[in-house]
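Notes follow the structure.
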Amino acid sequence: MVARASELPRIRVAALMRIDDRVVLVRHRAGDRTYHLLPGGGVSWGETLHEALAREVAEETGLEVTVGALLFVSDTIAPDGSRHVVNLTFRAQVVSGALIGQPADPRVEAVELVDPASLASLDVRPPFAEELREALDDPASRARYLGSRYKPDEDARP
């Protein structure tokens, strides 16, 4: 039996990148809550992971990047079955462009440069701030599966 499209996992790619020793994050709003994501988004049909990531980063931040090594794979699976996202996080290097003031996506409030030491104090989605800090400290870190990182109040759909 073939699953309906709504039952298939969504694939989201994200970029861990630095500018002046700060991490590039996007601040999203869902209702009255805000949270932070690494820049990225969904993969379109026929698009490679690297193509999707370069496109999404440019759309959200105004930056052109080269995509590097895969860092993390994780799932966001809602217990009620309403959501399943496979998150693929890559290293990326900024090669040109400038941060945009206001992205076109109305859910994105801002593009921010964040001190890595403050990641733990933010609501980062998926919740992997500690792993991000470790990856920033170890440029030779290898890809790993982080498991399911669903948060009970995580009803926003990045």
Side-chain angles (χ1 to χ4, degrees), residues 1-20 22-28 30 35-78 81-114 116 119 124-151 154 156-158:
M1 174 196 255
V2 175
R4 295 183 312 233
S6 63
E7 294 175 340
L8 296 175
R10 177 175 177 246
I11 298 173
R12 182 180 191 277
V13 290
L16 177 61
M17 45 189 180
R18 284 183 156 179
I19 295 176
D20 298 329
R22 297 196 180 273
V23 179
V24 180
L25 294 177
V26 291
R27 188 175 70 231
H28 272 232
Y35 55 93
H36 288 83
L37 299 167
L38 291 173
V43 178
S44 297
W45 182 261
E47 192 174 40
T48 70
L49 299 175
H50 285 198
E51 290 168 344
L53 187 53
R55 175 185 52 77
E56 286 285 350
V57 167
E59 288 174 5
E60 287 189 348
T61 68
L63 302 172
E64 301 295 323
V65 297
T66 38
V67 180
L70 178 67
L71 283 173
F72 309 120
V73 177
S74 67
D75 294 292
T76 300
I77 304 172
S82 64
R83 180 173 182 208
H84 183 177
V85 179
V86 176
N87 303 290
L88 303 167
T89 303
F90 292 85
R91 288 190 190 278
Q93 179 69 41
V94 176
V95 293
S96 67
L99 291 176
I100 56 179
Q102 181 58 48
D105 186 337
R107 297 171 300 170
V108 179
E109 286 190 334
V111 180
E112 299 178 341
L113 297 177
V114 175
L119 286 171
V124 177
R125 308 255 175 125
F128 63 167
E130 183 58 35
E131 289 85 352
L132 291 175
R133 287 207 47 207
E134 290 170 8
L136 289 164
D137 291 341
D138 180 9
S141 61
R142 298 183 181 268
R144 58 187 169 140
Y145 176 60
L146 301 178
S148 182
R149 295 294 175 107
Y150 179 79
K151 288 178 70 171
E154 194 170 309
R157 298 181 190 273

Relative to each other, are the rings of Y35 and H28 parallel, tilted or perpendicular (30° and 60° limits)?
->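 Geometry flag for H28 against Y35: tilted rings.
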
Calculate, to the nearest 0.5 Å, the distance between atoms [atom1] and [atom2] belonging to [X] and [Y] respectively.
X	Y	atom1	atom2	result
L136	L16	CG	CG	4.5 Å
I11	L88	CD1	CG	6.5 Å
L38	T61	CG	OG1	11.5 Å
L49	R12	CG	CZ	13.0 Å
L132	F72	CG	CZ	5.5 Å
L99	L63	CG	CG	4.5 Å

Begin from the C-alpha positions of R55 and E51 and carry the test salt bridge (charged side-chain N to carboxylate O under 4.0 Å, His left out) through to its verdict.
-> CA-CA 6 Å; R55 175 185 52 77; E51 290 168 344; over 6 Å; no

Taking V43 as the fixed residue, which of V13, T48, L53 is the one that meets the side-chain contact (heavy atoms from CB on, under 4.5 Å) rule?
->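 It is V13, the one option of V13, T48, L53 that forms the side-chain contact (heavy atoms from CB on, under 4.5 Å) with V43.
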
Quick one: side chain to side chain donor-acceptor pair (under 3.5 Å) partners of S141, sequence neighbours excluded?
->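 Checked S141 against side chain to side chain donor-acceptor pair (under 3.5 Å); matches are R91.
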
Side chain to side chain donor-acceptor pair (under 3.5 Å) partners of D75, counting only residues at least two apart =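 Listed in chain order: H84, Y145.
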
Does any part of the side chain of [Y], heavy atoms only, come nearer than 4.5 Å to the side chain of [X], both counted from C-beta?
X	Y	result
V85	P9	no
H36	R125	no
E64	V94	no
R18	P116	yes
I77	Y150	no
T76	R83	yes

Minimum heavy-atom distance between [X] and [Y], given as atom pair plus value:
X	Y	answer
A54	V65	CA-CG2, 4.2 Å
M17	A92	CB-O, 3.3 Å
E60	I100	O-CD1, 3.6 Å

Intermediate values then yes/no, side chain to side chain contact (heavy atoms under 4.5 Å, CB included), L146 and R144 | CA-CA 6 Å; L146 301 178; R144 58 187 169 140; 4.1 Å; yes

Inspect the surroundings of CD in Q93 and state if more than 12 heavy atoms from other residues, nucleotides or ligands are less than 6.0 Å away.
->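 No, because the 6.0 Å sphere around CD of Q93 holds 12 heavy atoms or fewer from other groups.
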
Residue pair V24, V114: steps toward the side chain to side chain contact (heavy atoms under 4.5 Å, CB included) verdict = CA-CA 6 Å; V24 180; V114 175; over 6 Å; no

Begin with the C-alpha distance, continue with both residues' side-chain angles, and end with the deciding distance and a verdict on salt bridge (charged side-chain N to carboxylate O under 4.0 Å, His left out) for R22 and D20.
-> CA-CA 5 Å; R22 297 196 180 273; D20 298 329; over 6 Å; no

Kindly say whether S44 contributes a backbone atom to a donor-acceptor pair with the side chain of E47 at under 3.5 angstrom?
->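 Pair found, side chain donor or acceptor close to backbone of S44.
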
Can you list the residues that meet the salt bridge (charged side-chain N to carboxylate O under 4.0 Å, His left out) rule with E109, with sequence neighbours excluded?
->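 E109 satisfies salt bridge (charged side-chain N to carboxylate O under 4.0 Å, His left out) with R27, R29 once adjacent residues are dropped.
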
